[in-house]
Amino acid sequence: AYGKKILKDVSLKTQSGPVLYTNLLGWPSMLLFAVCGNEFNDLSSRMQQDPQFPTNNTIFFMVLGCIIGTAIGYSSWWCRDKVSATSFTLIGVMNKCLTVFLNLIIWDQHANAFGIA
């Protein structure tokens, strides 16, 4: 419901508008959690311990994660525009169920039955 309200009340002329808007809304809380979790000091000490950090693999997976995260943002806003809020919620729940099911099949280290329920 909030997504539809943003699309109606805020003048966002392109598909990129809602994605950028919601990503910018997430920045303050992300920075707060990073400061509270001591992430900047951990990164600094890691870089001092290993002069070759970050490696090419680290950079590759970081960039890949950014691309996938951006694609998820675009696909979510596209889906919100095409279906009702109820259908969007149902799609999200089914996605989570599929993810948990695949986790159970592929990996042997996962949550116990109480954690999954």
Side-chain angles (χ1 to χ4, degrees):
Y2 180 69
K4 296 278 185 178
K5 181 168 177 38
I6 289 174
L7 289 176
K8 290 179 183 173
D9 294 348
V10 180
S11 177
L12 304 168
K13 300 182 189 314
T14 65
Q15 186 68 29
S16 298
V19 176
L20 292 173
Y21 182 72
T22 52
N23 286 342
L24 286 175
L25 286 176
W27 267 89
S29 59
M30 182 189 69
L31 289 175
L32 178 67
F33 284 124
V35 169
C36 291
N38 209 22
E39 294 291 331
F40 297 111
N41 291 334
D42 291 347
L43 179 62
S44 176
S45 65
R46 172 68 196 263
M47 291 177 80
Q48 289 172 358
Q49 291 173 359
D50 185 2
Q52 294 182 349
F53 181 81
T55 64
N56 288 337
N57 283 344
T58 304
I59 293 170
F60 171 76
F61 284 112
M62 184 181 68
V63 170
L64 182 64
C66 291
I67 291 169
I68 291 171
T70 303
I72 289 170
Y74 277 100
S75 64
S76 294
W77 279 103
W78 176 82
C79 187
R80 282 183 188 140
D81 189 42
K82 301 295 182 201
V83 299
S84 69
T86 304
S87 296
F88 183 77
T89 302
L90 183 61
I91 291 167
V93 169
M94 292 307 297
N95 181 34
K96 288 183 189 345
C97 291
L98 179 63
T99 303
V100 169
F101 179 70
L102 289 175
N103 181 27
L104 289 171
I105 291 174
I106 296 173
W107 289 282
D108 60 349
Q109 296 179 348
H110 46 75
N112 58 21
F114 179 73
I116 291 173

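The analysis underlying the following values was restricted to heavy atoms, covering all of them including side chains, and did not include hydrogens, waters or symmetry mates.
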Looking only at non-hydrogen atoms, find the nearest pair between Gly37 and Asp42 and report the distance.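 That would be O-OD2, 4.1 Å.
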
Identify the heavy atoms of Ile91 and Cys79 that sit nearest to each other, and give their distance. CD1-SG, 3.8 Å

OG1 on Thr70 to CG on Asn23, rounded to 0.5 Å: 6.5 Å

In the hydrophobic clustering (ILVMFWY, side-chain contacts below 4.5 Å, transitive), which residues join [X], or is it alone?
| X | result |
| --- | --- |
| Val35 | Leu24, Trp27, Met30, Leu31, Phe40 |
| Ile72 | Phe60, Phe61, Leu64, Ile68 |
| Met47 | Leu43, Phe53 |

When you group the ILVMFWY residues by side-chain heavy-atom contacts below 4.5 Å and let the links chain together, are Trp77 and Tyr74 in the same group?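 Hydrophobic grouping puts Tyr74 with Trp77.
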
Test item: side-chain donor near acceptor, Thr89 and Thr86, under 3.5 Å: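 No, no side-chain donor-acceptor contact under 3.5 Å.
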
Within a 6.0 Å radius of atom CG on Asn56, are there more than 12 heavy atoms belonging to other residues, nucleotides or ligands? no

